[in-house]
Each structure stands twice: as C-alpha cells, then as structure tokens.
Amino acid sequence: MEEKINREKYKTLGYNVLTLFLFLAIWTLAYWLIKSPFFPSPLMVFNAFLELLIHGDIEDVKLGMHIQQSLWRIFGGFAAACILGIPLGLLMGLYGRVYDSTKVLIEPIRFIPPVAWIPLVIVLLVGYFRFVFIIWLGAFFPIFIGTLLSVRGVNPLHIEVPKSFGASRFYIIRNIVLPSVLPEVLTSMRVGLGIAWECIMAAEMIGGERVGIGIMILKYAQLIRMDAIIVGIIVIGIIGFGLNEIFIFVEKRIFRWKEVVSI
Amino acid sequence: MGSNYLERVKVFSYNLISLTIFIILWFWVARWQASPFFASPAEIAQGFMQMVTVGDEEGITIFMHLWQSLIRVFSGFGAACVLGIPGGLALGLFPFIYNRTRIIIEPLRFISPIAWIPVAIVLLVGFTRYVFVIWVASFFPIFITTLWSVRNVNLIHINVARVAGASRWFVITRIIVPATLPYIAGGMRVSLGISWMCIVAAEMIGGEMVGIGRLILKSSMMHRMDLVVVGMLTIGILGYCLNEVFIKVEKRIFRWRAAVSID
Amino acid sequence: MSGRKVKIEVRDLCKCFGDLEVLNHMNFDIYEGEFLCVVGPTGCGKTTFCNVVTRLLPLTQGAITMGGEEIDFKKHNVSFVFQEPSCIPWRTVWDDIKIGLQIKGVNKTEVRRRVNAIIELTGLTGFEHFYPSQISASMKQRVAIARAFVTEPDLLLMDEPFGQLDTRTRFSIENQLIEIWQKTKRTIIFVTHNLEEAVYLSERILVCTQKPTGIKEEVLVDLPHPRDITDPKFVEIRNRVTDLVKWWE
C-alpha cells in the first residue's frame with residue numbers, strides 16, 4: 001500500500017514538472033511569435049532573477065532583502081489581525097446580538113478595499129504602522145468572520161451534553177466551543193494570511209520606503225522593465241503558495257481527527 | 001410571526017443606535033484632532049451632497065463614477081464566471097488534470113491584482129485592462145469553489161442514479177451540477193465582493209477620469225479627504241448591498257437548503 | 001426451493017482492498033421472486049457485498065450473472081436502497097421517486113401512473129411536493145423505498161434500510177414491504193444485522209461469517225405471511241439463527 005501511494009506521489013510530481021516545462025515552452029514560443037520588447041522570454045526573466053538575487057536592483061537592494069522586508073510587514077499585519085480578529089470573532093459568535101446590532105457598521109467596512117485606505121493611512125499613520133494597518137485591513141475580516149461563523153456553527157448537541165451534567169458556561173466555552181472551532185479558526189487564519197500576502201502590493205504602494213517586493217515591482221514598472229516585473233510577480237506567487245502549503249501541512253498535523261482539510 | 005417581526009424591529013433599532021454612537025464618536029475625534037485631513041461627518045455629508053449635485057472638480061457626479069465602475073466590475077466578474085465555472089467543473093470532474101497542473105495554477109492564486117497592473121498596462125489597451133485586472137482577482141474564488149464542490153458531491157446521490165442505469169451525462173447534468181450550484185452561487189457572491197473591492201486597484205491603471213476608484217485617487221492627490229471618504233463609504237455600502245441582494249436571491253433559489261451562510 | 005427458476009448466480013466471489021480480504025469465495029443462487037436475507041455481524045463487509053453485487057465496486061475474482069449475463073445497470077433493471085439517507089435534497093418527493101423512470105426513459109403518462117400508485121402504497125400521499133429537508137427520517141426512508149420499487153426492478157437490494165428507524169415505524173414499513181413484495185413478486189436481497197427482522201421478512205436467510213465474509217449456513221424460513229413473532233415455529237427458527245451467529249463472538 002505504502003509503496004503504491006509513494007509511486008502515485010512521484011507520478012503526480014513528474015506530471016507537474018512536465019506541465020511546468022510545457023508552460024515554459026509555450027511561453028518561449030509566444031515570445032518568438034510576438035517579438036515585442038515588452039514581452040520577455042523565460043530565459044530573460046531568469047537572467048533578471050539572477051541579477052536581482054546577486055547584484056540587487058537599480059538601488060542595489062538585493063532580492064532577499066526585498067522579500068525579508070515584505071515578510072516582516074506581512075507578519076506584523078497578520079499578527080495584528082489574529083490578535084484582534086480571533087477574540088472579537090469568538091466574542092461576537094458567543095453573543096450574537098452584538099454582531100447583529102453593529103452589522104450596519106461592520107459589514108460596509110468589510111467591502112472597502114485596503115487600497116482605498118491608502119490616502120487616509122498616509123495622513124494618519126507613520127512608518128511601519130502604515131504597512132501593518134493596510135495588511136491588517138485585508139487579513140482581519142476573513143479571520144474575524146471565519147471565527148464568528150465557526151462559533152455559530154458549533155453542533156448544539158455538543159453543548160447540550162455537558163449542560164445536562166450541569167456544566168458552567170465557562171466550562172462549555174473552554175472545553176467544547178474552543179476545541180471545536182479551532183480547526184475552522186486555523187483555516188480562516190490561513191485564508192487571512194493568503195489575503196495579507198496579496199495585500200503586500202497595496203501596502204507598499206504607500207511609498208516612502210525603498211525596500212519591499214511590491215516596491216521593487218513598482219520601481220521597475222516605472223522603467224517598463226518587464227523581465228524584472230515578472231520576477232517580482234512570480235516571487236509573490238511562489239511565496240504565497242509556499243506559505244499556504246506550510247499552513248495546510250501544519251493544519252493536517254494538528255487536526256488529524258478531522259477527515260479533510262479543504263483547499 | 002409577531003415575535004419575529006418584533007425581533008426585526010429590535011435588531012433594526014439597535015443597528016440605528018450603534019450607527020448614531022459611531023457618528024457621535026467620529027464627531028468628537030474630528031473635533032479633538034482638528035486636522036484638515038480628518039474630515040468630520042458633517043464635512044463628508046457636504047462632500048456627498050456636492051458629489052450628487054455638482055460633481056467633482058471636473059463636474060462628474062457620483063452616479064457617473066459608479067455607473068462606469070459597475071460596468072467594469074461586472075464585465076470582469078462576468079469573464080471570471082464564464083471561465084471559472086466551466087473550468088472548475090471540468091477540473092473537478094477530472095481531478096488528475098488539476099493535480100498535474102497545480103504547480104502552475106496555485107502560485108497564480110496568490111499574486112495580487114495590483115501586481116498585474118504593470119503587465120496589463122503594457123500588454124492590453126483600454127477597457128480590457130480593467131476587465132483583466134478584475135478578472136484576475138475574481139477568477140480564483142469561483143474556480144476553486146466550483147472545483148472543490150464537484151469533488152464533494154455526495155457519492156450516494158451519484159450511485160442512486162448509476163444503479164438506475166444513468167449515463168455519465170445524466171449524472172453530470174442532473175446530479176453533479178444541481179448539487180454544486182449552491183456552492184457555485186456562494187463562490188460567485190464572494191467573487192463579486194472581491195471584484196468590487198478591486199475597482200480601486202483596477203482604476204489605478206489611469207487614463208480615464210471616470211470611476212469610483214478614480215474619484216478616490218483624484219481626491220487624494222488634491223487632499224480633498226472628505227471626497228476620499230465619500231468614495232470609500234460609497235464602495236463599502238454598495239458592496240454590502242450587492243452582497244445582501246445576492247444572499248436574498250440565493251435563499252430564494254435554493255429553498256431546499258437549510259442555511260446560506262454570510263461568508 | 002427446488003423447481004424455482006434461478007435468477008442470479010454468484011460464483012466464487014472475492015473482493016480485496018489491497019491486502020485486506022473482505023469477501024471470501026462466496027457461492028450461492030438467488031431464485032426468481034425470492035425474498036432473501038443476508039445477515040452478518042456489523043462491519044463484516046455486508047455493504048461491500050451490496051456494492052459488489054450491484055457492481056458499484058469492481059470485484060477481484062469470480063462472477064455474478066443474471067440470466068447468464070454480467071449485471072449491467074443499463075441492461076438490467078436493478079434498484080438499491082442505501083443504508084445511509086439517500087434522498088436527493090434538491091428534488092421534491094415526487095421528483096425523487098421518478099428519477100429511475102426518468103433515466104430509463106419511461107413516457108410521461110406511465111410515469112405519472114406508476115409514481116402516484118407507489119406514493120399511495122407507501123403512504124406518502126400529500127407530501128409529493130415536499131423537499132427532503134421538510135419531512136421526517138422515516139418518510140425519507142419510505143421515499144427511498146418507493147424510488148426503488150417504482151421502476152419494478154428485476155432485482156432489489158436493500159442494505160440495512162431500516163437501521164435508523166424507531167421500532168413502530170419499522171414494523172409498519174416492514175409490513176408495507178411484505179405487502180408490496182407479495183403484490184409485485186420482485187426478487188429482493190435484504191441485508192441486515194437484525195435477526196428477528198430477517199426471520200420476520202424473508203424466505204431464506206444466508207448467515208455470513210466474520211471477516212473475510214463467506215457463507216456459513218443457509219436457513220429456510222417456511223412460514224406464511226403475516227408472521228407472528230410469538231409463534232413457536234418462528235421462535236424456533238430465530239433461535240437456530242441465533243445459535244449460528246453466537247459463534248461470532
């Protein structure tokens with residue numbers, strides 16, 4: 001059995017590599033057909049990647065530095081979103097009336113895109129907090145709403161059972177509600193992290209700083225250097241994908257009692 | 001029936017109270033800040049009236065901005081549906097395709113629409129730029145939800161049809177598609193929200209002077225913070241309304257389901 | 001049983017999941033119009049047995065033939081009542097019952113006639129336009145049974161169909177099932193772990209062994225319907241079956 005599963009894994013991996021090569025081949029073909037200075041070939045992108053990695057960009061900032069800065073900002077915003085979103089979600093899930101009574105405030109704010117906040121953020125905040133605030137905006141709502149919904153979705157039977165033994169409210173929250181919402185909270189954290197990472201571009205449009213993967217893209221956008229822009233896009237995609245995969249792996253590890261972790 | 005009505009009135013008035021408290025707090029903070037960049041609710045109301053009657057510096061009213069933006073958003077969203085739903089169904093029915101092309105599909109999911117803007121500017125022209133940026137943002141939620149829902153169709157329902165001698169076509173059209181429709185609709189709703197939130201990002205592309213995102217960008221350049229907030233609130237409220245209407249329609253169509261969740 | 005026409009032949013039936021052997025060389029015949037019960041301990045592979053007989057799962061070895069041919073859903077008229085609730089949530093009771101006829105391309109007037117008849121027989125009159133989420137568990141199970149009967153199947157498989165019902169509903173549905181069976185004379189394979197139910201319903205009982213499942217013994221139940229569970233003959237047969245299965249522990 002074990003061997004069969006392993007073989008299946010390698011097969012899938014092999015096909016994935018094949019798909020990747022096919023994709024690169026089509027890209028190269030398109031490059032030859034289009035022949036535009038704004039449409040680089042995979043090789044040119046790879047060269048730009050090496051250059052960014054080793055020599056750095058036009059201001060001599062290396063790719064590693066850009067990534068590190070961006071991750072640091074994401075971490076700040078994501079942590080803030082977790083610290084506020086999870087307890088608030090739990091609280092509003094447990095006391096449904098609070099959420100129902102403030103819906104008129106909370107819901108419209110959900111639909112204001114993080115980018116739209118930039119002008120206000122520039123005026124009201126300074127330095128690192130600007131980035132954190134924009135990313136927090138993006139990540140907060142998925143985490144908050146996810147937690148809130150998971151509390152509302154706790155199987156009433158699991159609450160009734162300890163209640164019939166005379167358990168206190170605190171006991172039920174600690175021993176029933178929290179463990180049963182934890183997997184969904186973690187899932188919404190993963191979704192929130194994905195969105196936080198997607199917000200890095202929006203956050204780094206604030207300007208002022210010189211380092212950050214989004215800033216790197218913007219710098220090269222002004223020069224219309226498509227090869228470097230594509231390097232930035234690919235790096236963003238791969239890091240987001242990597243973060244997500246790591247999170248899924250951890251989820252599966254912790255919650256082995258759950259049958260499926262959805263994508 | 002009566003208590004239900006009473007409950008609604010109660011929730012409504014609580015919402016009204018929290019809204020009033022919020023506006024009063026805002027007044028206070030604006031007073032205390034006394035900054036020209038922190039608009040008070042009264043200034044925003046004035047700004048809103050100006051936008052409705054006279055329009056912005058170029059005489060474009062808020063309705064014209066909204067109309068243009070809605071056309072862009074629905075075009076991008078429509079394109080996402082047209083490609084995402086059949087794509088998700090196909091890859092859900094043939095999961096090996098998804099498993100073997102994951103290496104290309106997954107990183108793309110995590111690239112924010114804003115990162116695509118430089119690419120869109122170089123490779124596309126006019127209206128298609130907006131459509132592309134919004135499509136990038138809204139495609140993946142629809143696509144992934146559809147794919148995931150096909151994989152999660154209850155096997156029993158498929159077997160019921162198979163034992164009765166159903167063809168593959170019957171199973172797809174009469175079992176799989178109806179079973180996935182509520183999830184697809186949910187995915188469409190999430191996507192519509194995301195498309196709408198992308199409008200500011202899309203309208204950063206520049207060129208045209210009309211659009212609600214453009215209004216925010218223009219006003220922030222001229223330090224008209226009241227108009228920036230008017231734009232933000234309009235986006236938030238309209239996004240919320242679109243979402244609520246969608247939920248109502250979903251509940252109507254899928255009466256056979258017990259619950260439609262808010263997220 | 002001699003003299004009856006053989007409907008289905010099961011020869012040397014084996015099913016393995018990887019190294020796990022679930023069904024072990026099963027051999028038996030099913031006669032035309034027979035009510036056959038298969039009893040076995042929980043988790044012994046009864047559901048696997050049903051899935052293999054209906055060919056929802058491929059078999060590892062052996063053959064199941066019906067009139068000399070391999071069972072094929074498109075050629076043979078087979079119905080299956082699943083153990084789990086199987087009502088299709090977006091179809092009303094009426095639409096759900098008609099699904100088999102719809103698949104088989106029966107014309108509309110005939111569909112209406114048959115569906116109305118079976119709805120009356122299963123006591124679902126008045127609930128035709130209800131969705132499964134609006135009716136009780138026992139009614140859902142009756143819908144599943146009606147759906148299986150309405151196609152007038154050559155073979156009807158029932159996998160612990162009454163497991164989730166309360167005793168009273170169970171008795172009434174069991175009686176309805178016997179009534180329908182006597183009227184229509186369909187071949188039925190009824191899988192259960194409830195011995196009394198098996199003796200109450202069937203003409204013949206196959207007692208299975210613990211995993212890997214094989215057939216331990218065949219018990220004939222030669223009693224007229226309706227049966228009385230306090231009848232000495234009934235008790236005798238039930239005790240015999242009980243003795244056979246004691247060995248499971």
Side-chain angles (χ1 to χ4, degrees), chain A residues 12 15-20 23 38-39 97 100-105 107-120 122-124 142 145-146 149 153 194 197-202 205 214 217-218 220-221 224 226 229-230 232-234 236-241 243-245 262-263, chain B residues 11 14-19 22 35 37-38 96 99-104 106-119 121-123 144 147-148 152 193 196-201 204 213 216-217 219-220 225 228-229 231-233 235-240 242-244 261-263:
Chain A
T12 306
Y15 273 111
N16 268 304
V17 173
L18 205 71
T19 315
L20 188 64
F23 175 75
F38 302 124
F39 194 93
R97 173 141 287 173
D100 287 337
S101 307
T102 50
K103 224 179 150 195
V104 75
L105 295 179
E107 289 286 311
I109 294 176
R110 246 176 93 184
F111 289 96
I112 301 176
V115 197
W117 286 91
I118 289 180
L120 274 187
I122 292 177
V123 172
L124 299 177
I145 299 279
L149 283 179
W197 182 244
E198 276 184 33
C199 280
I200 189 70
M201 275 302 290
M205 281 175 72
I217 293 180
L218 295 173
Y220 282 101
I224 326 187
M226 286 307 280
I229 293 171
I230 290 173
I233 291 178
I234 293 174
I236 288 183
I238 289 174
I239 290 178
F241 174 58
L243 287 175
N244 198 53
E245 290 290 305
S262 76
I263 49 170
Chain B
V11 169
Y14 274 129
N15 270 302
L16 219 60
I17 293 170
S18 42
L19 187 66
F22 177 74
S35 148
F37 301 121
F38 197 100
F96 67 92
N99 287 337
R100 288 169 186 184
T101 52
R102 257 189 105 204
I103 200 166
I104 305 276
E106 286 285 311
L108 284 177
R109 260 173 78 187
F110 294 95
I111 301 171
S112 72
I114 306 174
W116 286 105
I117 289 180
V119 180
I121 290 177
V122 170
L123 297 179
I144 296 285
L147 191 151
W148 179 83
N152 280 281
W196 181 240
M197 286 172 71
C198 248
I199 189 65
V200 182
M204 275 178 185
I216 294 178
L217 299 170
S219 311
S220 81
M225 287 327 251
V228 170
V229 177
M232 284 168 63
L233 288 179
I235 290 178
I237 292 166
L238 202 72
Y240 172 58
L242 284 175
N243 200 51
E244 288 294 304
S261 73
I262 56 167
D263 193 62

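In what follows, chains are A, B, ... by sequence order, proteins preceding strands, each numbered from 1.
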Go through the atoms of [X] and report whether side chain, backbone, both or neither lie under 4.5 Å from a heavy atom of chain A.
{"X": "B:Ile235", "result": "both"}
{"X": "B:Met225", "result": "side chain"}
{"X": "B:Leu16", "result": "neither"}
{"X": "B:Val228", "result": "side chain"}

I'd like to verify something: which residue of [options] has the highest number of heavy-atom pairs under 4.5 Å with chain A?
{"options": "B:Leu238, B:Val229, B:Val200", "result": "B:Val200"}
{"options": "B:Ala115, B:Ser219, B:Ser220", "result": "B:Ala115"}
{"options": "B:Val11, B:Ile216, B:Ile104, B:Ile237", "result": "B:Ile104"}

Within a strict 4.5 Å, meaning less than it, do heavy atoms of the [X] and [Y] side chains meet?
{"X": "B:Ile117", "Y": "A:Met201", "value": "no"}
{"X": "A:Lys103", "Y": "B:Ser18", "value": "no"}
{"X": "A:Ile239", "Y": "B:Phe110", "value": "no"}

Contact summary for [X] and [Y], nearest pair of heavy atoms:
{"X": "B:Ser112", "Y": "A:Glu198", "value": "CB-O, 2.7 Å"}
{"X": "A:Asn244", "Y": "B:Glu106", "value": "ND2-OE1, 4.5 Å"}
{"X": "A:Ile217", "Y": "B:Pro118", "value": "CG2-CG, 4.1 Å"}

Rounded to the nearest 0.5 Å, what separation is found between the [atom1] atom of [X] and the [atom2] atom of [Y]?
{"X": "B:Ile111", "Y": "A:Phe241", "atom1": "CD1", "atom2": "CZ", "value": "12.0 Å"}
{"X": "B:Ile114", "Y": "A:Ile233", "atom1": "CD1", "atom2": "CD1", "value": "12.0 Å"}
{"X": "B:Arg100", "Y": "A:Thr19", "atom1": "CZ", "atom2": "OG1", "value": "8.5 Å"}
{"X": "A:Ile234", "Y": "B:Leu108", "atom1": "CD1", "atom2": "CG", "value": "9.0 Å"}
{"X": "B:Leu233", "Y": "A:Ile109", "atom1": "CG", "atom2": "CD1", "value": "8.5 Å"}

For the backbone of [Y] and the side chain of [X], can you confirm whether one donor and one acceptor N or O come within less than 3.5 Å of each other?
{"X": "A:Ser101", "Y": "B:Tyr14", "answer": "no"}
{"X": "A:Asn16", "Y": "B:Ile103", "answer": "yes"}
{"X": "A:Thr12", "Y": "B:Asn99", "answer": "no"}

Max heavy-atom pair count under 4.5 Å with chain B, selected residue of A:Val123, A:Val17, A:Ile236: A:Val123
Please look at [X] and chain B and tell me whether the side chain, the backbone, both or neither of the residue comes under 4.5 angstrom of a heavy atom of that chain.
{"X": "A:Tyr220", "result": "neither"}
{"X": "A:Leu20", "result": "both"}
{"X": "A:Leu124", "result": "side chain"}
{"X": "A:Leu120", "result": "both"}
{"X": "A:Ile224", "result": "side chain"}

